[in-house]
Number of protein chains: 2
Amino acid sequence: MEDKVIKDLINRYVSVSFKVTKKAESLIKVQIGNDLTNDQHYILRYIYHAKECTSSLLAEEFEVNKSAITAIINRMVDRTLIQRTRDKNDRRVVYLSLTEEGNQLFEKTEERVHCLVESIITKFNAEEIKNFIQTYEKLGDLLVKMSKN
Amino acid sequence: MEDKVIKDLINRYVSVSFKVTKKAESLIKVQIGNDLTNDQHYILRYIYHAKECTSSLLAEEFEVNKSAITAIINRMVDRTLIQRTRDKNDRRVVYLSLTEEGNQLFEKTEERVHCLVESIITKFNAEEIKNFIQTYEKLGDLLVKMSKN
DNA sequence: AAAATTGGTTCACCTGTTTAACTATTCACC
DNA sequence: GGTGAATAGTTAAACAGGTGAACCAATTTT
C-alpha cells in the first residue's frame, strides 16, 4: 500500500471507531441504564461466564488498577449482585461470584443487549457481517498481544 | 440466516467489541496519557477539524449533557488549550476554538495515535482492511441513525 | 527466621457524568 | 412592543470510575 492510502485508512479508522464506540455505548445505556452502568454490566458478564474469578484477574482483563476493581465490586456487593468468598488454601485470594440476584439481573440486561445487537447485525448481509466479525476478532487478538508488551 | 447462526454472531460481536474497545483505549492512553485523557484528545480532535464549535454541538456529538462538556472544557481552558469567544450577534452562544498551545498538543498526540493505528492496520492485508473499514463505516452510519430515534 | 512477593483494601485526589436549578439572551406573536 | 417560551450555557451536588501510594495479611523464597 502507498503511504497516502494508508494515511487515509488510518483517518477513517480513527474517526469511525470513535463514532461507533460512542454511539454503541449510549445505545446500550438506553437499554440497561436504569439497572446497571455499562461497566457493571461488563463485570457481571465476565463473572457470569467465568462462574468465579478474582479481583486481580478482572483488573488485568479490564486494564485498570486493582483498586478500581475493589471500588466497583464494593458497590455491587452492597447491592447484593456479587458475593466474595475467601479461598481456604490461600487465604489472600478472594473469589467473586454472582448471587442469584446478580445472575437474574445479568440475564435480563444481557437479553436486552442481545436484542439491540440483533436489530443491528441483521441489517447487514450474512457474508459481509461474517467477514467483518472475523477481521474484528483478528484485530482483537492483535491488540491483546500488543497490550502484553 | 438461521437463529442459531445469528445468536452466535451476536455473542462473538458483543465479546470482541468489548475487548477491542478496552484494549484500544488503553493502548491510546499509553501513547498520550501523560498529556491528555482520551476524552480530552477526542474533544481536541473534534474542535481541530471543526476549527470552531459550540458546547451544544459537542454535547450532541459525544452524546452527553451539556454540563459534562462545560466541565471538560473548563479544565482545558484552565490549561489554555481551548479558548471561549462569545458570538457578537447572538450573545448566548460561545464558540470554542484551540489555542496555539492546544493546536500543538493535539498535533503531537494525534501523531502518536496515528503511529499506533498504522502499526496495527499494516498487519492486515489491504483488501481485508478496506472491507473491514467499509463495513465499520456502514455500522457507524446505522448507529447514528438509530441514536436519533 | 527474615526478606520478598502476592492479593486485596484504603485513602486522597482526579475526570467524567447526570439532574435540577439558574442566568442571560433571543424569538414568537398577539 | 411587551410577555412568555425557547435556547445556550453554567453551576452545584452527588455519584461512578480511575490512579498511585501506603498499607495489611498471607504466602513464598532464600
Side-chain angles (χ1 to χ4, degrees), chain A residues 18 21-23 25-30 32-44 46-47 52-79 81-97, chain B residues 18 21-23 25-30 32-44 46-47 52-79 81-97:
Chain A
F18 168 72
T21 304
K22 280 287 174 202
K23 301 291 171 184
E25 255 175 26
S26 80
L27 285 168
I28 291 177
K29 198 172 177 186
V30 169
I32 69 171
N34 289 328
D35 296 313
L36 289 172
T37 66
N38 290 4
D39 285 320
Q40 287 170 352
H41 180 68
Y42 289 137
I43 295 276
L44 286 189
Y46 193 91
I47 302 178
E52 197 171 77
C53 76
T54 63
S55 284
S56 301
L57 188 58
L58 285 177
E60 206 175 307
E61 206 66 29
F62 286 68
E63 309 242 26
V64 296
N65 288 352
K66 286 187 291 181
S67 56
I69 300 295
T70 298
I72 294 178
I73 298 297
N74 279 342
R75 281 175 218 117
M76 298 176 84
V77 168
D78 290 347
R79 288 182 57 193
L81 300 173
I82 288 181
Q83 59 207 355
R84 291 181 164 106
T85 43
R86 282 215 116 81
D87 183 309
K88 283 181 180 155
N89 298 328
D90 184 343
R91 295 190 36 73
R92 286 170 306 181
V93 350
V94 174
Y95 293 115
L96 305 172
S97 57
Chain B
F18 168 72
T21 304
K22 279 289 175 203
K23 300 292 170 185
E25 255 175 26
S26 81
L27 285 167
I28 291 177
K29 199 172 177 184
V30 169
I32 69 170
N34 290 329
D35 296 312
L36 290 171
T37 65
N38 290 5
D39 285 319
Q40 287 170 351
H41 180 68
Y42 289 137
I43 295 276
L44 286 187
Y46 193 90
I47 302 177
E52 196 171 78
C53 75
T54 64
S55 284
S56 300
L57 188 59
L58 285 176
E60 206 176 307
E61 206 65 30
F62 286 69
E63 309 240 24
V64 295
N65 290 351
K66 287 187 291 183
S67 56
I69 300 294
T70 298
I72 296 178
I73 298 297
N74 279 343
R75 282 176 217 117
M76 297 175 85
V77 168
D78 289 347
R79 288 181 58 192
L81 300 174
I82 288 182
Q83 59 207 355
R84 290 181 165 108
T85 44
R86 282 215 117 80
D87 183 309
K88 282 179 183 155
N89 298 327
D90 184 342
R91 293 188 38 71
R92 287 170 305 181
V93 351
V94 174
Y95 293 116
L96 305 172
S97 58

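All of these numbers come straight from a predicted model, not from anything done at the bench. Lettering of chains follows the sequences in order, A, B, ..., and the numbering in each one begins at 1.
Residues forming a salt bridge (Lys or Arg N to Asp or Glu O under 4.0 Å) with A/Arg91 (at least two apart in sequence, or on another chain): none. Listed by chain and residue number, B/Lys23 satisfy the salt bridge (Lys or Arg N to Asp or Glu O under 4.0 Å) test with A/Glu63 (two or more places apart in sequence, or in another chain).
Sorted by first then second residue, the side chain to side chain donor-acceptor pair (under 3.5 Å) pairs that include residues 65-78 of chain B, not counting sequence neighbours, are B/Asn74-B/Arg84.
The CD1 atom of B/Ile82 lies 7.0 Å from the CD1 atom of B/Ile43; values are rounded to the nearest 0.5 Å. Atom OH in B/Tyr42 sits 13.5 Å away from atom CD in B/Glu61 (nearest 0.5 Å).
Residue-level contact check: B/Thr70 touches the bases, meaning some heavy atom is under 4.0 Å from a base atom.
Near DNA chain D, defined here as any heavy-atom distance below 4.0 Å, the residues from residues 82-92 of chain A are A/Asn89, A/Asp90, A/Arg91, A/Arg92, listed numerically. DNA chain C is contacted by A/Ser56, A/Lys66, A/Ser67 of residues 56-69 of chain A, taking any non-hydrogen atom closer than 4.0 Å.
Ranked by how close their nearest DNA chain C nucleotide is to the 5' end, A/Lys22 and A/Ser55 are led by A/Ser55.
Applying the 6.0 Å contact sphere to CD of B/Glu60 captures no more than 12 heavy atoms from other residues, nucleotides or ligands.
With a heavy-atom cut-off of 4.0 Å to chain A, the contacted part of DNA chain C has its first and last nucleotide at C/dT6 to C/dT18.
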Give the intermediate values and the outcome of side-chain contact (heavy atoms from CB on, under 4.5 Å) for residues B/Met76 and B/Leu44. CA-CA 9 Å; B/Met76 297 175 85; B/Leu44 286 187; 3.4 Å; yes
